[in-house]
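The next block holds one structure in the form of structure tokens; read it before the comments.
Note that the numbering runs from 1 along the sequence shown for the chain.
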Amino acid sequence: MLYWNIFVAFFIPGILGYGGGPASIPLIENEVVQRYGWMSVQEFSEVLALSNALPGPLATKMAGYIGFEVGGIPGAIVAVFATVAPSLILMILLLGILYKYKDSPKVKRLTLYVRPVIAILLGLMAWRFFADSYEGIGIWQTAFLIGASYLLLERFKIHPAFVIAGTLVYGGFVL
């Protein structure tokens, strides 16, 4: 039953967050934190930070790690397969149809409607991360990390992986 739950937890976001990008992060967070309770918001945010620091699609990296934590090596295999299965199925079965209608005004309009929903989901997830950080380390540490990250990313153009690594080191030694 555990491996079925792992499969479902990553298959559903794989369907709705096609491609494994940022759109699937709130969906994975809902399954892993809210539905199954395998991780806390703090643990999930750490997995997300680690996944962002590594190359490749976020969803597959997160699936591999979370699947391993929950169900060992078989859990990691099931989670990664469940994450890529929807994309694989769609590519195999629907590639011709998708290519035929790619310039359709209806398809373009649908894409325009989906983008704000994804933005809202990402905003809600960011708010939950902020609230959890505020409760965990306080407003001053949270404000410092937000301000320092903003300066490093926007003013000094430091690669996000280095900023994430720096915040992990800061959290490990200072907090």
| said: side chain to side chain contact (heavy atoms under 4.5 Å, CB included), that's the test. Do R35 and I12 meet it? Break it down for me. | reply: CA-CA 12 Å; R35 184 173 180 189; I12 292 171; 3.8 Å; yes

| request: With side chain to side chain contact (heavy atoms under 4.5 Å, CB included) as the test, would you mind laying out the steps for F10 and I66 before giving the verdict? | output: CA-CA 10 Å; F10 288 98; I66 295 168; 3.8 Å; yes

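- Within a 6.0 Å radius of CD1 in I139, other residues, nucleotides and ligands contribute more than 12 heavy atoms.
- Between atom CD1 of residue I77 and atom CD1 of residue I73 there is a gap of 7.0 Å, rounded to the nearest 0.5 Å.
- W140 and I146 fall within the same hydrophobic cluster, defined by Ile, Leu, Val, Met, Phe, Trp and Tyr side-chain heavy atoms under 4.5 Å apart, directly or through other members.
- Going from atom CD1 of I118 over to atom CD1 of I25 covers 11.0 Å, rounded to the nearest 0.5 Å.
- Looking at heavy atoms from C-beta onward, F44 lies in side-chain contact with M62 at the 4.5 angstrom threshold.
- Of all the heavy atoms in G67 and I6, the pair that sits closest is O-CD1, 4.4 Å.
- Between V41 and R128, the shortest heavy-atom distance links the atoms CG1-O, 4.2 Å.
- In this structure the side chain of F130 never reaches within 4.5 angstrom of the side chain of M125, judged on heavy atoms.
- No donor-acceptor pair under 3.5 Å is formed between the side chain of S133 and the backbone N or O of F129.
- E43 contributes a side-chain N or O that, together with a main-chain N or O of S40, makes up a donor-acceptor pair within less than 3.5 Å.
- L27 approaches P13 most closely through the heavy-atom pair CB-CB, 3.7 Å.
- Remark: F144 CZ to I137 CD1 distance equals 10.5 Å, nearest 0.5 Å.
- When hydrophobic clusters are built by joining Ile, Leu, Val, Met, Phe, Trp and Tyr residues whose side-chain heavy atoms come closer than 4.5 Å, directly or via intermediates, Y36 is grouped together with Y3.
- Every residue was checked against the side-chain hydrogen bond (donor to acceptor under 3.5 Å, both in side chains) condition with S51, not counting sequence neighbours, and none meets it.
- Minimum interatomic distance between A53 and I164 (heavy atoms only, all atoms of both residues): N-CD1, 4.3 Å.
- In this structure, the side chains of E69 and W38 stay at 4.5 Å or more apart for every pair of heavy atoms.
- For the residue pair T60/T83, the side-chain donor-acceptor check at 3.5 Å is not satisfied.
- Each of L58 and L54 belongs to its own hydrophobic cluster when Ile, Leu, Val, Met, Phe, Trp and Tyr are linked at side-chain heavy-atom distances under 4.5 angstrom.
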| message | Working note: Y170 + Q141, criterion side chain to side chain contact (heavy atoms under 4.5 Å, CB included); need CA distance, chi angles, decisive distance, verdict. | response | CA-CA 10 Å; Y170 177 83; Q141 295 289 340; 2.3 Å; yes

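- To the nearest 0.5 Å, atom CG of residue D132 and atom OG1 of residue T142 are 9.0 Å apart.
- In the hydrophobic clustering of ILVMFWY residues, with side-chain heavy atoms under 4.5 Å counting as a link, F68 and V33 come out apart.
- Between the side chains of E46 and Y65, no donor-acceptor pair of N or O atoms lies under 3.5 Å.
- Residues L2 and G71 approach most closely at CD2-CA, 4.1 Å, considering heavy atoms.
- Between F81 and F11, the distance separating the two ring centers is not shorter than 6.0 angstrom.
- In this structure, V84 is not a member of the same hydrophobic cluster as I89, with clusters built from ILVMFWY side-chain heavy atoms closer than 4.5 Å.
- Rounding to the nearest 0.5 Å places NZ of K61 at 8.5 Å from CG of L50.
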Tabulate below the donor-acceptor pairs under 3.5 Å that side-chain atoms of residues 148-163 make, not counting sequence neighbours, or state none.
{"from": "S149", "atom 1": "OG", "to": "L145", "atom 2": "O", "distance (Å)": "2.7"}
{"from": "K157", "atom 1": "NZ", "to": "E154", "atom 2": "O", "distance (Å)": "3.1"}
{"from": "H159", "atom 1": "ND1", "to": "A161", "atom 2": "N", "distance (Å)": "3.0"}

